[in-house]
Structures are given as C-alpha cells and as structure tokens.
Number of protein chains: 2
Amino acid sequence: MRLTTKGRYAVTAMLDLAFHSQSNPVTLTDIAARQTISLSYLEQLFARLRKANMVKGIRGPGGGYTLSNNATEINIADIIAAVDEPIDATKCGGEGNCQNEKACLTHDLWMGLSIQIKDYLKGITLAQLIENHQIQETAKRQNGDTLKVIEVHRNSELTSNL
Amino acid sequence: MRLTTKGRYAVTAMLDLAFHSQSNPVTLTDIAARQTISLSYLEQLFARLRKANMVKGIRGPGGGYTLSNNATEINIADIIAAVDEPIDATKCGGEGNCQNEKACLTHDLWMGLSIQIKDYLKGITLAQLIENHQIQETAKRQNGDTLKVIEVHRNSELTSNL
DNA sequence: ATAATAGTTGACTATTTTAGTTGGTTAAGT
DNA sequence: ACTTAACCAACTAAAATAGTCAACTATTAT
C-alpha cells in the first residue's frame, strides 16, 4: 500500500463525485475546476478508476461520471489501489528465496504493517468520510470549536486487535 | 502523511536496528547488506533520523548506530515523518482562504483521513511489530499455516471511534 | 602517534513518478 | 449537423526517489 499525492487526487476526486453526482453525472471539467486538478491528469486517473469499475462514464451532452456503486460500498484502499499500481516491496522475490532468514525478517515485518494499513483503509468508505464530516460540522457549530475537531481517534484497541 | 518506498526503507532499517543493536551498535554497512539498501542512501536517511533524534551515531571502530530510545517508544509515524518531509495537501494554503466552501470540502475530508492514518501509525511501535511477529511465528509453527497469518485486523470500531 | 574504522557532509547523476499538454477520436444528445 | 464530453495516445516538464562519488572528521585500538 502506497500513499502518494496521486492517490490523494483520486480520493479527493471520488469524494467530489460522491458529493455532486447525486442526481446528475458530473463532468471532469467541473471536478478539475473545483479541486484544482488538471483536466488531463484527471482523465488519466479516471481511466484507471473506470477500468477498476469504480466509476461509469456517460458520453455526450449532459454526460459525465457517476459512481458505479453506492458510496457506502466504496472504500479508500480500493480507490488508491486502482490508480497506484502496487510495488513488490520484497527484494527477495516475494516468496522468501532469501538465504539468510534474518534478512527477510524486516521485509516481512513491513509487509505485515502494509497489510494492516490496507485493511484499515479498506474499512473506511466514502460515505463514512462524508457522514463523519457532517457530524463534525454540526459539532463545530455547536461548541464553536474552530480547530482540532478531528483529533479524537485514539487507537488503544490496536494491541489487543493484533 | 505520505507512505512511499523512502519511508519503507526507513522503517525497515529501524526495524533492523531494533533487532541487532541489543548489545552492540550496528553499522550502516551491515544494514545495507542485510536489507539490500545502498549504503549512501542509508546515510541520507540516517542523517535525517539522527536530526529527529531517533538514532545515535557512535564513531570509531566498533561504532555504528543505536536507537535513541527504547523500541517501545518509537512509533512508525515518527519514523516516516523524519525522512519524508510533509506536503501541504491543501491547495488553499491550509487555513481555508478558499472562496467556495465546497471546493475546500474534499480537501478537508482528505486532511481528516490523513490525520486518521497518522494517528493509526502513531499507535504502532517497533516493539509491537517485532513482538507481534514473534507471536505469529509461533502460531505459524503450531498449525502449519503458511499464509494469511497476519490477516486478522478488522476495524469495526472505526465508525464509533470517529 | 598512527592507522583503521565509521560517521558526516555535500555535490552530483540516473531513473522513475507525477503532473500536465496537445491533439486527436468516438458516442450521445439537441 | 453540431455540440458536448468521454475516451485515447503520445509526448514533455518537473519533481522525487534512489544511488554514486569523494573528501573530511571524530573516535578508538594498537
């Protein structure tokens, strides 16, 4: 699992799409303008998203893109995986043909962590992000807190969960 | 929070260090050989890790690097942050001087997610990764399962936690 | 003292990825 | 027909990643 600006663009664009494609398809031109991403770069990203069957393109006037599935079905890990082709991560070819066991050990550890991160992002959907945000917005309005609204998440269950 | 091969190298090297620097300092040459990372690239990474006060360099014969703190005190997010200078993520300068509220909205959402990921990685220490791995190793020996040992983590608490 | 070890520094290079550009073709609506 | 907007491919610029080279400095063993 890699997490680069490319993936961020994709997630941002998908979020934008989830927001605005409730009734009508959304054009890439609109997303490009709103999110300040170049149209052609968006085209590249959406070519991959379409291949991964996450969005549907509708041609012609009034066309644009819509989500293939409900926003509750689309998780962040899949979006990132769609645009960001994966890297092998293990130098030793994947299935440890590495002589020294200890050499592979840390690769192995990283792989484990990588899977954890992926699982974590798999558990977050577009719908959750949006809904969560709205909850925060109302909370913000209620107590007038300007910042650190999001800083709530404590991962105390992690150890027990591993 | 970004997650690139650079960060992976850093985490891998730190894991290697945590393993081997129990009694004696570990040289970058050793780590380079074990993890197949070029020595000079490691030097660059460790220059940053040292500045971030995560490792101590010991000069002269028998020298090398040791962890500055106990492996239980070192979390993954800090390692990555040390080598991977952060990007702004928001086009609108950070403190939303963006005219259209909706334009900022998705940036905002991404930022929220980014913080979540960071918090998540902050909760994982080198010691946990190693310990966790050993548990899995014994489990692997016990029931002879070759693969998908790590695939345990389910994030059902996520929604409630947000 | 001196040699060996090993960290420290900086400049430089190659490769890859990211981001954007240009210039089209194809499908659908009016 | 004409417009709109997806779709497609090749190409380019800029940045990040990964690695190289060479000189230098601090430490310690002999």
Side-chain angles (χ1 to χ4, degrees), chain A residues 2-13 17 20-21 24-68 80 82-89 91, chain B residues 1-13 17 20-21 24-33 35-68 80 82-89 91:
Chain A
R2 208 140 102 261
L3 204 60
T4 65
T5 47
K6 194 177 192 175
R8 195 185 74 219
Y9 277 142
V11 173
T12 303
L17 196 54
H20 296 95
S21 68
N24 303 314
V26 176
T27 67
L28 290 190
T29 311
D30 284 354
I31 298 178
R34 273 194 296 264
Q35 306 303 331
T36 54
I37 307 172
S38 92
L39 175 60
S40 351
Y41 194 43
L42 269 182
E43 279 176 355
Q44 285 177 39
L45 296 179
F46 272 74
R48 283 165 180 269
L49 290 170
R50 191 163 37 79
K51 266 168 204 151
N53 212 45
M54 312 202 72
V55 295
K56 266 203 283 266
I58 299 152
R59 295 183 167 198
Y65 279 96
T66 55
L67 297 178
S68 289
I80 292 171
V83 298
D84 218 45
E85 67 257 59
I87 36 160
D88 44 353
K91 295 277 179 185
Chain B
M1 180 92 314
R2 208 141 101 262
L3 206 59
T4 65
T5 46
K6 195 177 191 175
R8 195 186 74 219
Y9 278 142
V11 173
T12 303
L17 196 53
H20 296 95
S21 67
N24 304 313
V26 175
T27 68
L28 290 190
T29 311
D30 285 354
I31 298 179
Q35 306 303 330
T36 54
I37 308 172
S38 91
L39 176 59
S40 349
Y41 196 42
L42 269 183
E43 282 174 353
Q44 284 177 37
L45 297 179
F46 272 73
R48 284 168 180 267
L49 289 170
R50 193 163 38 77
K51 267 169 203 150
N53 212 43
M54 312 202 71
V55 295
K56 266 203 285 267
I58 299 154
R59 294 181 166 201
Y65 279 96
T66 55
L67 298 178
S68 289
I80 292 172
V83 298
D84 218 46
E85 65 256 63
I87 34 159
D88 44 354
K91 296 272 180 190

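Naming convention: chains lettered A, B, ... in sequence-line order (proteins, then strands); numbering from 1 in each chain. Treat the numbers as computed from the prediction; the structure is a model and nothing was measured.
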Would you say a side-chain N or O of [X] is under 4.0 Å from OP1 or OP2 of [N]?
X: A/T29; N: D/dA5; value: no
X: B/Y41; N: D/dG19; value: no
X: B/R2; N: D/dT17; value: yes
X: A/Y65; N: D/dC7; value: yes

Check your understanding: With a non-hydrogen cut-off below 4.0 angstrom, is B/F46 in contact with a base, only sugar-phosphate, or nothing?
Key ->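 If one applies the 4.0 Å heavy-atom cut-off, B/F46 turns out to touch nothing in the nucleic acid.
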Practice item. Looking at every strand, decide which applies to A/L39 at a 4.0 Å heavy-atom threshold: base, sugar-phosphate, or nothing. Key: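 No contact.
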Could you state the [atom1]-[atom2] distance from [X] to [N], rounded to the nearest angstrom?
X: A/R8; N: C/dT17; atom1: CZ; atom2: P; answer: 19 Å
X: B/I80; N: D/dA16; atom1: CD1; atom2: C1'; answer: 16 Å
X: B/I58; N: D/dA29; atom1: CD1; atom2: C1'; answer: 16 Å
X: B/D30; N: C/dT5; atom1: CG; atom2: C1'; answer: 13 Å
X: A/K56; N: C/dA27; atom1: NZ; atom2: C1'; answer: 17 Å
X: B/D84; N: D/dT17; atom1: CG; atom2: C1'; answer: 10 Å
X: A/L42; N: C/dT22; atom1: CG; atom2: P; answer: 16 Å
X: A/K6; N: D/dT17; atom1: NZ; atom2: P; answer: 14 Å

Are the side chains of [X] and [Y] in touch, meaning some heavy atoms are under 4.5 Å apart?
X: B/L45; Y: B/K6; answer: yes
X: A/L17; Y: A/M54; answer: no
X: B/Y65; Y: B/I31; answer: no

Choose from [options] the nucleotide whose nearest atom is closest to any side-chain atom of [X].
X: B/S38; options: C/dT18, C/dG7, D/dT20; result: D/dT20
X: B/P61; options: D/dC7, D/dT28, D/dA5; result: D/dT28
X: B/T4; options: C/dG7, D/dT17, C/dT18; result: D/dT17

Check your understanding: For the atom pair CZ (B/F46) and CG (B/L39), what is the distance rounded to the nearest 0.5 Å?
Key ->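 Reported value, rounded in 0.5 Å steps: 10.5 Å.
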Point to revise | Distance-minimising heavy-atom pair for B/P25 and B/I58 | key: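 What the structure gives for the nearest pair is CG-CD1, 3.7 Å.
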Check your understanding: Which atom pair, heavy atoms only, marks the closest approach of B/R2 to A/T4?
Key ->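 Between these two residues, the closest heavy atoms are CG-CA, 4.3 Å.
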Review point. Tell me the salt bridge (Lys or Arg N to Asp or Glu O under 4.0 Å) pairs involving residues 48-61 of chain B, sequence neighbours left out?
Key: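 Residue pairs passing salt bridge (Lys or Arg N to Asp or Glu O under 4.0 Å), neighbours aside: B/R48-B/E85.
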Please enumerate all protein N or O atoms sitting under 3.5 Å from an N or O of nucleotides 8-15 of chain D, with distances to 0.1 Å.
residue : atom : partner : partner atom : Å
D/dC8   : OP2  : A/R50   : NH2          : 2.9
D/dC8   : N4   : A/E43   : OE1          : 3.0

